[in-house]
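First up is the structure itself, then whatever we jot down about it.
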Protein chains: 2
Amino acid sequence: MGSNGTDIAARLADASRPGCGIERTLKVLDGKWTTLIIRELLTGPKRFGELRTALGDPSAKTLTDRLRSLEHQQILTRTVYAEVPPRVVYELTEQGHSLGDILYAMLVWGETHPLEDA
Amino acid sequence: MGSNGTDIAARLADASRPGCGIERTLKVLDGKWTTLIIRELLTGPKRFGELRTALGDPSAKTLTDRLRSLEHQQILTRTVYAEVPPRVVYELTEQGHSLGDILYAMLVWGETHPLEDA
DNA sequence: GCATATGGTTTCCCTATGGGAAGCAATGGG
DNA sequence: CCCATTGCTTCCCATAGGGAAACCATATGC
């Protein structure tokens, strides 16, 4: 299955509890749609409306909140084109793109895990 | 930084949206302390009280909820020793242990990411 | 003039979540 | 007889998250 669990355990034992790397990552990926937003953007830049549709219609407020938060944390960039009607494109930064490793691990795990219905 | 982002993007594009592997993983890792519980257990079995202390005192109610949920999803096992006072030991299953790949990716990312203060 | 399209923002509200405190079981020890 | 210990469980409350809907800006098409 996974790689060598023993090495991982060693690294994890090292990670001092208060504010370890995992906790910092969790803070970035916090919130209901955050991780899925990144999933969508890993396949390329997208507009606000495209994201909304692809995710299955989260409320505009929530989506805005998440995008703003991710922008503030340098995970993605927000580009406004002064057209009418307006066009806003969201795109992952280098930092944001590097989250792909985590998402990929999640994808692999989720696909092999027999899911118990809640 | 990460591995080849292009391959990952391809895999991600494949993943059909409704209930893809990532979403299933997110469902398992849902809740405030869930991921950190797994971090603690990756270094070996722990008792209820040990977990509570290591995590920084989440409420007993919340910790119980998380542990029950993870047990139900076959991520960990709960062993009660009929002693007085009681002793309850939590240990990751094979499935739970395999989450280590995800946590490891989070650890690496978090350590290299310059964190913006919220 | 007015509707339409787009990407928001803002306000209001409801639910879910998580925390705190207290109770409880069971037994050995003082 | 009472207390301490451990791992809950139950109840209650405060907060935060997230959804619905209304509003705004602007230029084009009718």
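A, B, ... follow the sequence lines: proteins, then strands. Residue 1 opens every chain.
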Across all chains, not counting sequence neighbours, the side-chain contact (heavy atoms from CB on, under 4.5 Å) partners of A:V88 are A:R78, A:V80, A:Y90
Nearest-Å distance for atom pair CD/C1', residues A:E71 and C:dG8: 13 Å
What is the distance from CG of A:L51 to C1' of C:dG8, rounded to the nearest Å? 14 Å
Just how far, in rounded Å, is C1' of C:dT27 from CZ of B:R87? 16 Å
Provide, to the nearest angstrom, the distance between the CG atom belonging to A:D65 and the P atom belonging to C:dT11. 13 Å
Has A:T64 got a side-chain N or O lying under 4.0 Å from the OP1 or OP2 atom of C:dT9? yes
Per atom distances to the B:W33 side chain, the nearest of C:dG19, C:dT6, D:dG7 is C:dG19
Scan residues 49-60 of chain A for pairs that pass side chain to side chain donor-acceptor pair (under 3.5 Å), counting only residues two or more places apart or in two chains. A:S59-A:T62
Those residues that, when tested against A:V89, pass side-chain contact (heavy atoms from CB on, under 4.5 Å) (two or more places apart): A:P45, A:R47, A:Y81, A:R87
Please tabulate the protein-to-nucleotide N/O contacts below 3.5 Å involving nucleotides 14-17 of chain C, giving atom names and distances.
none

In whole angstroms, how far is the C1' atom of C:dG19 from the CG atom of B:L63? 13 Å
Is it true that a side-chain atom of B:E71 and a backbone atom of B:L67 form a donor plus acceptor pair closer than 3.5 Å? no
Rounded to whole Å, the CG-C1' distance (B:L67 to D:dC8) equals 11 Å
Is there a side-chain contact between B:L26 and A:M106 (heavy atoms, below 4.5 Å)? yes
In 5'-to-3' order, the base (B), backbone-only (S) or no-contact (-) status of each nucleotide in nucleotides 20-30 of chain D, using a 4.0 angstrom heavy-atom cut-off, is B-----BS---
Report the hydrophobic cluster partners of B:V84, with the cluster defined as I, L, V, M, F, W, Y residues connected by side-chain heavy atoms closer than 4.5 angstrom, directly or transitively. none
C:dA26, OP1 or OP2 - any side-chain N/O from B:Y81 closer than 4.0 Å? no
Measure from CD on B:E83 to P on D:dC8 and round the result to the nearest Å. 14 Å
If you measure only the distance, is there a donor-acceptor pair under 3.5 Å linking the side chains of B:S98 and B:E94? no
Spacing between A:R47 atom CZ and C:dG7 atom C1', to the nearest angstrom: 9 Å
